[in-house]
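Every value quoted in this text rests on a predicted model; they were computed, and no experiment measured them. Numbering starts at 1 and runs along the sequence shown.
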Amino acid sequence: MKELNLQEIREQLDQIDRKLVELFEERMRLSGDVAEFKIQTGKAVYDGEREKQKLGAVRDLAHGEFNQQAVGELFSQIMTISRRYQYQILAEYGKRGDTGFCEVEELNRKGVRVVYQGVEGAYSHAAALKFFGEEVEIYHVPTWEDAMQEVEEGRAVYAVLPIENSSAGAVSDNYDLLVKYNNYIVGEVLLTVNHALLGLPGAELEEIRTVYSHPQALMQSSVYLNSNRKWRQVSVVNTAVAAKKVLEDQDRTQAAVASETAGRLYGLKVLKSGINHNKNNTTRFIVLANRPIYRKGAGKVSICFELPHKSGSLYNMLGNFIFNNVNMVMIESRPIPGRNWEYRFFVDIEGSLGDAPVRNALMGIEKEAVNMRILGNY
């Protein structure tokens, strides 16, 4: 058996790597020629059937099951990189595609109608006031979907909806509504959540038997609430609705988990303040309009897309961000109704639709996803 010398093996590997780099650069030069041809002829960059045939051909060139699998993965990545290079060339020729969005200097925040879900005193109400101030007409509707309809049909200029909480996570139903309605995210507002236990004037903690609130508020206050085993926790559609119920029922055994602002609005007594266990608890609200606009200087883009149901598709899709040096700050998945075990992905990235790297990344995803939609730039 030949004696192995590690240094000699490494030198041979270095020589092979130099050849691989030279061949890779030659391949990329030819990919550029392909892009030039496609620009002249109008052909699409992505040809799924051609790639499938090519991957099968290169696998057949390898020997052994392991090498065939590895060569398939290697060439899949090489072709993905080639496509991204071609997209960049297309962008240089001004073929980035029209996003459909229009840049504006500022959002109009004066004298407009703004809708939120719930009742006065809800956290959504506070978020709307924080973003728009007092110089707007703010009104409420019973459900999040009602708010989306108000904006889509033009009865309100903006809607304010919660989208995620730092401790309870995503507001999943609102992600689904972003797909269902043709509204666009034009802003966001962060609101620190400070839950209190509210009861009727004169009520005492010892009397409480039932606590009402929104499911997330109950979850965010679960450490405190669960320490009182006699309390029955009941979900309602909104924290302020819970406060209003306690006032209307006039039952001293009932309490609500809501903001102290809601307590003052409905004349309730603070039985215990700051009951949420995460004192840095913050809810992110999104502001929606029915026009695809974005403010000059906007720094975050939200998109959603569906993927081909095959191995590696999400990895390849997110690679568009890596290749274009675009930072992804959030990813969330939701099941697609009627399609078992298939998911729609929601992604937030840093940047503006006016930035070339962002547009290149989005073009790559749009061409290769089953479908892709820009939800907003804000």
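By the side chain to side chain donor-acceptor pair (under 3.5 Å) test, R339 is found to be paired with E306, E342, residues two or more places apart in sequence or in another chain being considered. For S31, the side chain to side chain donor-acceptor pair (under 3.5 Å) criterion is met by S82, not counting sequence neighbours. Residues forming a salt bridge (Lys or Arg N to Asp or Glu O under 4.0 Å) with E103 (at least two apart in sequence, or on another chain): none.
A salt bridge (Lys or Arg N to Asp or Glu O under 4.0 Å) with R113 is found for exactly one of E135, E153, E137, namely E137.
Hydrophobic clustering keeps V189 apart from L178 (ILVMFWY residues linked when any side-chain heavy atoms are closer than 4.5 Å, directly or through intermediates). Residues F305 and M328 fall within the same hydrophobic cluster, defined by Ile, Leu, Val, Met, Phe, Trp and Tyr side chains chained together at heavy-atom separations under 4.5 Å. Both V179 and I185 are assigned to one and the same hydrophobic cluster, defined by single-linkage of ILVMFWY side chains at heavy-atom distances under 4.5 Å.
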Could you give the side-chain donor-acceptor pairs of residues 57-66 under 3.5 Å, partners two or more places apart or in another chain?
none

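At least one donor-acceptor pair closer than 3.5 Å links the side chain of N276 to the backbone N or O of N278. The backbone N or O of P357 lies less than 3.5 Å from no partner atom in the side chain of N325, so there is not a single donor-acceptor pair. For K272 (side chain) and L197 (main-chain N/O), no donor-acceptor pair under 3.5 Å exists by modelled atom type. The backbone N or O of V358 lies less than 3.5 Å from no partner atom in the side chain of D355, so there is not a single donor-acceptor pair. Under the 3.5 Å distance criterion, the side-chain polar atoms of D348 are left unmatched by any main-chain donor or acceptor of V329. Judged purely by atom type and a 3.5 angstrom limit, S302 has no side-chain atom pairing as donor or acceptor with the backbone of G376. Judged purely by atom type and a 3.5 angstrom limit, N174 uses its side chain to pair as donor or acceptor with the backbone of P162.
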Quiz item: Going through the distances and angles, do M219 and N165 end up as a side-chain contact (heavy atoms from CB on, under 4.5 Å)?
Solution: CA-CA 11 Å; M219 185 189 310; N165 177 268; over 6 Å; no
Exercise. Given salt bridge (Lys or Arg N to Asp or Glu O under 4.0 Å), test D14 with R10 step by step and report yes or no.
Key: CA-CA 6 Å; D14 289 343; R10 285 176 171 170; over 6 Å; no
Quiz prompt | Test log, rule salt bridge (Lys or Arg N to Asp or Glu O under 4.0 Å), inputs E22 and K19 | solution = CA-CA 5 Å; E22 290 174 3; K19 293 178 183 177; over 6 Å; no
Exercise. Let me see the working for N238 and K244 under side-chain contact (heavy atoms from CB on, under 4.5 Å), right down to the final yes or no.
Key: CA-CA 10 Å; N238 187 278; K244 189 176 181 182; over 6 Å; no
Quiz prompt | Full working for side-chain contact (heavy atoms from CB on, under 4.5 Å) between L362 and T99 | solution = CA-CA 9 Å; L362 296 183; T99 64; 5.6 Å; no
Practice problem: Test V257 against L225 for side-chain contact (heavy atoms from CB on, under 4.5 Å), laying out the working first. | Solution: CA-CA 10 Å; V257 175; L225 296 176; 4.2 Å; yes
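Side-chain heavy-atom separations under 4.5 angstrom define the hydrophobic clusters, and F37 shares its cluster with no other residue. L23 belongs to no hydrophobic cluster, as no Ile, Leu, Val, Met, Phe, Trp or Tyr side chain comes under 4.5 Å of its own. In the hydrophobic clustering, L20 connects to I16, either directly or through intervening members, whenever side-chain heavy atoms lie under 4.5 Å apart.
Across L265 and G121, no two heavy atoms sit closer than the pair CD2-N, 3.6 Å. Here the closest heavy-atom approach between residue S273 and residue E260 is recorded as CB-OE2, 3.1 Å. In this structure, A255 and V246 approach most closely via the heavy-atom pair C-CG2, 3.6 Å.
Side-chain contact between M148 and L161: present, with at least one pair of heavy atoms (C-beta onward) separated by less than 4.5 Å. Looking only at side-chain heavy atoms (C-beta outward), L314 and Y343 stay at 4.5 Å or farther from each other. Put simply, the side chain of N360 does not reach to within 4.5 Å of the side chain of Y87, judged on heavy atoms. In this structure the side chain of I365 reaches within 4.5 angstrom of the side chain of F321, judged on heavy atoms. When side chains are defined from C-beta on, F323 counts as touching I81, because their heavy atoms get closer than 4.5 Å.
Sorted pairs that involve residues 114-129 and meet salt bridge (charged side-chain N to carboxylate O under 4.0 Å, His left out), not counting sequence neighbours, are lacking altogether. Residue pairs meeting the salt bridge (charged side-chain N to carboxylate O under 4.0 Å, His left out) criterion with at least one partner in residues 185-208, sequence neighbours excluded, are E188-R284, E188-K300, E204-K269, E207-R252. The ring pair (Phe, Tyr, Trp, His ring centres under 6.0 Å) analysis of residues 249-295, with sequence neighbours excluded, yields no pairs. Screening residues 217-252 for ring pair (Phe, Tyr, Trp, His ring centres under 6.0 Å), with sequence neighbours left out, gives Y224-W231. The list of ring pair (Phe, Tyr, Trp, His ring centres under 6.0 Å) pairs with a residue in residues 106-136, not counting sequence neighbours, reads Y116-H125, Y116-H140, Y123-H195, F132-Y158.
For the pair R334 and F346, the cation does not sit on the ring face, since its NZ or CZ is not both under 6.0 Å from the ring centre and inside 45° of the axis.
Judged purely by distance below 3.5 Å, without hydrogens or angles, the side chains of Q69 and E73 pair a donor atom with an acceptor atom. Side-chain contact annotation: Q233 with N226, donor-acceptor N/O pair under 3.5 Å present. A side-chain donor from one of Q220 and N281 sits under 3.5 Å from a side-chain acceptor of the other. For the residue pair N316/E368, the side-chain donor-acceptor check at 3.5 Å is not satisfied. Side-chain N/O atoms of E51 and Y46 include no donor and acceptor closer than 3.5 Å.
The number of heavy atoms from other shown groups lying within 6.0 Å of CZ (R209) is above 12. Within 6.0 Å of NZ on K52 lie no more than 12 heavy atoms contributed by other residues, nucleotides or ligands.
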